Number of protein chains: 2
Amino acid sequence: MKTAFRDVKKDIRRRIVQGVWGAGDLLPNEVDLAQEFQCARATVNRAMRELADEGLVERKRKAGTRVLSSPVRQARFHIPIVRKEIEGRGAMYRYALVNREIIDTPDWLRARLGLEQGKQVLHLTCMHYGDSSPYQYEDRWINLAALPQAAEADFDSVGPNEWLIAEVPYSDAEISFSALTAEADVARHLSCAQGDPLFLAERSTWFETRAITYVRLVFHRGYRMTTRY
Amino acid sequence: MKTAFRDVKKDIRRRIVQGVWGAGDLLPNEVDLAQEFQCARATVNRAMRELADEGLVERKRKAGTRVLSSPVRQARFHIPIVRKEIEGRGAMYRYALVNREIIDTPDWLRARLGLEQGKQVLHLTCMHYGDSSPYQYEDRWINLAALPQAAEADFDSVGPNEWLIAEVPYSDAEISFSALTAEADVARHLSCAQGDPLFLAERSTWFETRAITYVRLVFHRGYRMTTRY
DNA sequence: TAGTGGTCTAGACCACCAC
DNA sequence: TGGTGGTCTAGACCACTAT
């Protein structure tokens, strides 16, 4: 008789997937369910709350709890530090700075990060290797207005990602996945052919409304981002 | 003084991101925090549990709660029904069945789904359009050993995705994202050029250890999957 | 306005595991 | 083995919103 809320959750989930309660159906309220399961309402509440969190049911005050007609299927992806990702695969991690420049903020970047005035940004390009094979090409832009100390940082030995993690935590981030074909420069760095399809992750981060950084991460050919749910 | 657990959560998060508690540090225990915040231990517990769920801290009995040294960054992606995704963008959804065949299970599919013996599978290819523009090319494989009724289903008007949702819920799924270049056939269906980079989502689903289906979803050129976290 | 979920409380017992 | 988090309870008040 331990972890009662898990049992309640399992049972309710079972009834939903088995069709006892079909799509759109109204479930009994928490008091009734608590009586049925012989537990406290708080226990039912937690079970139901987690089911709602997983996108299986929808809860509204007064309206009650309903089975979602088309369950909002969602998956969680872990966004690993590239070094850890490589080392986690048992490979030797190596980092190299390719280029570094300080320039006026390009318009497209200002638009993307919602910057008001065009100060300067630190633009870095780097490579991450696993066992000497190119793993990821990083195209990093750091807002110097928000992080002036980045201009002094030494990115020869430490990647901007790890530097940023140690320096400034972020509060909000937006991430996108898409596909692109390798242009000459990227192809050379990633040791693939021009025109090869590559997986691209883009991330913008903010700390309390202040834009911190925007990064394009281009993965080696054949990279797959996988998760179970 | 409402939703106290959110306030507690916010405050603890603030202290972590501001460095009051650094990476690896041990946080006060729940009883002490409850006293500090003048609330019940259950309230602190919920706040801390959610922070742990978000990957900011790590909790162990007896050992206490510690700030994770490298926060496990994770993002949630909603896996929408393609019809809803298209309609959600204000476009008209249209579906078309391209091809349908019943064949012996190919070896690569058997390996991928962990099928033991090679029965037959239903292989469907379909197109999904938004306002008459190609949106997604679907390459669907359904395990007939687990779902014999799929052989009789009419996929001329209803997409396999929606049919499956109504027919069998799944319990486990694996999803992968990657990039590929358009081959002649796909390029024709998606109205793009051969060699264009396309975003690919692959999903395998099981229901209580029984493999249900494997699908390759190739999105139109320029598709981006985005989320905030 | 009434019904439902959202949350808090104070107390309790228990499981785990680092010390 | 003792301290810590994990969970349950019974009751209470409140916020939201469908009707």
Side-chain angles (χ1 to χ4, degrees), chain A residues 1-16 20-69 71-72 74 76, chain B residues 1-16 20-69 71-72 74 76:
Chain A
M1 192 56 152
K2 40 191 171 186
T3 62
F5 85 89
R6 291 177 201 278
D7 294 334
V8 172
K9 192 174 156 185
K10 263 189 194 167
D11 205 77
I12 293 176
R13 163 179 282 141
R14 185 185 54 74
R15 294 188 204 180
I16 292 174
V20 178
W21 292 320
D25 284 1
L26 184 65
L27 272 57
N29 68 32
E30 295 188 347
V31 176
D32 291 349
L33 284 173
Q35 188 174 18
E36 183 195 329
F37 287 108
Q38 285 292 298
C39 66
R41 181 168 80 99
T43 303
V44 173
N45 180 273
R46 177 155 180 198
M48 301 277 272
R49 183 155 39 81
E50 294 198 357
L51 287 173
D53 196 48
E54 292 169 17
L56 207 60
V57 300
E58 182 186 37
R59 321 195 72 196
K60 277 186 192 166
R61 284 160 158 130
K62 166 71 177 176
T65 301
R66 289 179 180 282
V67 180
L68 276 176
S69 51
V72 177
Q74 46 189 358
R76 269 189 182 188
Chain B
M1 194 56 151
K2 42 192 169 184
T3 63
F5 86 90
R6 291 177 201 280
D7 294 335
V8 173
K9 192 175 155 186
K10 262 188 194 167
D11 204 77
I12 293 176
R13 162 178 283 138
R14 186 185 53 76
R15 294 188 204 179
I16 292 174
V20 178
W21 292 319
D25 284 1
L26 183 66
L27 273 57
N29 68 31
E30 295 188 346
V31 176
D32 291 349
L33 285 173
Q35 187 174 19
E36 183 195 329
F37 287 109
Q38 284 293 298
C39 66
R41 181 169 79 98
T43 303
V44 173
N45 179 273
R46 177 156 181 196
M48 301 278 270
R49 184 154 39 80
E50 294 198 358
L51 288 172
D53 195 50
E54 291 170 17
L56 207 61
V57 299
E58 182 186 37
R59 319 196 73 196
K60 277 185 191 166
R61 283 160 159 136
K62 165 71 178 177
T65 301
R66 288 179 180 281
V67 179
L68 276 177
S69 50
V72 177
Q74 49 191 359
R76 272 190 181 188

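Below, chains carry the letters A, B, ... as their sequence lines are ordered, and counting in each starts from 1. What's counted below: heavy atoms across the whole structure, side chains too, no hydrogens, waters or symmetry copies. The shown structure was predicted, so the numbers you read here are calculated from the model rather than taken from an experiment.
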Does [X] make a side-chain N or O approach to OP1 or OP2 of [N] shorter than 4.0 Å?
| X | N | value |
| --- | --- | --- |
| A:Asn29 | C:dT4 | yes |
| B:Asn45 | D:dG6 | yes |
| B:Thr65 | D:dG5 | yes |

What integer distance in Å separates [X]:[atom1] from [N]:[atom2]?
| X | N | atom1 | atom2 | value |
| --- | --- | --- | --- | --- |
| A:Arg49 | C:dT4 | CZ | C1' | 15 Å |
| B:Phe37 | C:dT7 | CZ | P | 18 Å |
| A:Lys62 | D:dC16 | NZ | C1' | 11 Å |
| A:Glu58 | D:dC16 | CD | P | 17 Å |
| A:Glu30 | D:dC14 | CD | P | 18 Å |
| B:Glu50 | D:dT7 | CD | P | 13 Å |
| B:Leu27 | D:dT4 | CG | C1' | 13 Å |
| A:Leu26 | C:dT4 | CG | C1' | 10 Å |

**OP:** List the steps and the verdict of side-chain contact (heavy atoms from CB on, under 4.5 Å) for A:Ile12 and A:Trp21.
**Re:** CA-CA 9 Å; A:Ile12 293 176; A:Trp21 292 320; 3.9 Å; yes
Original post:
Sequence neighbours excluded, which residues qualify as side-chain contact (heavy atoms from CB on, under 4.5 Å) partners of A:Lys62?
Top reply: none
**OP:** Under the side-chain contact (heavy atoms from CB on, under 4.5 Å) rule, collect the residues that match up with A:Arg76, sequence neighbours excluded.
**Re:** B:Asp53, B:Gln74, B:Arg76
Original post:
Who are the side chain to side chain donor-acceptor pair (under 3.5 Å) partners of B:Arg14, not counting sequence neighbours?
Top reply: B:Asp11, B:Gln18
Original post:
What pairs with A:Glu30 under side chain to side chain donor-acceptor pair (under 3.5 Å), at least two apart in sequence or on another chain?
Top reply: A:Arg41, A:Asn45, A:Arg59
**OP:** Kindly point out which of C:dG5, D:dT7, D:dT19 is positioned nearest to the side chain of A:Arg59?
**Re:** C:dG5
Subject >> Shortest non-hydrogen contact between B:Val44 and B:Cys39, atoms and distance >> reply: CG2-SG, 3.7 Å
Subject >> salt bridge (charged side-chain N to carboxylate O under 4.0 Å, His left out) involving B:Glu50 - partner list, sequence neighbours excluded >> reply: B:Lys9, B:Arg46
Which protein N or O atoms sit under 3.5 Å from an N or O of nucleotides 9-13 of chain C?
| from | atom 1 | to | atom 2 | distance (Å) |
| --- | --- | --- | --- | --- |
| C:dT9 | OP2 | B:Ala40 | N | 2.7 |
| C:dT9 | OP2 | B:Thr43 | OG1 | 2.6 |
| C:dA12 | N6 | B:Arg41 | NH2 | 2.9 |

Original post:
Testing B:Thr43, B:Leu27, B:Asn29, B:Val8 for side chain to side chain contact (heavy atoms under 4.5 Å, CB included) with B:Met48, which one passes?
Top reply: B:Leu27
Subject >> Over 12 foreign heavy atoms within 6.0 Å of CD, A:Gln35 >> reply: no
Original post:
Is DNA chain C part of any stem, that is, at least 3 consecutive Watson-Crick or G-U pairs with both distances under 3.5 Å, and where?
Top reply: C:1-18 with D:1-18
**OP:** Identify, between B:Arg61 and B:Arg46, the residue whose nearest nucleotide on DNA chain C lies closer to the 5' end.
**Re:** B:Arg46
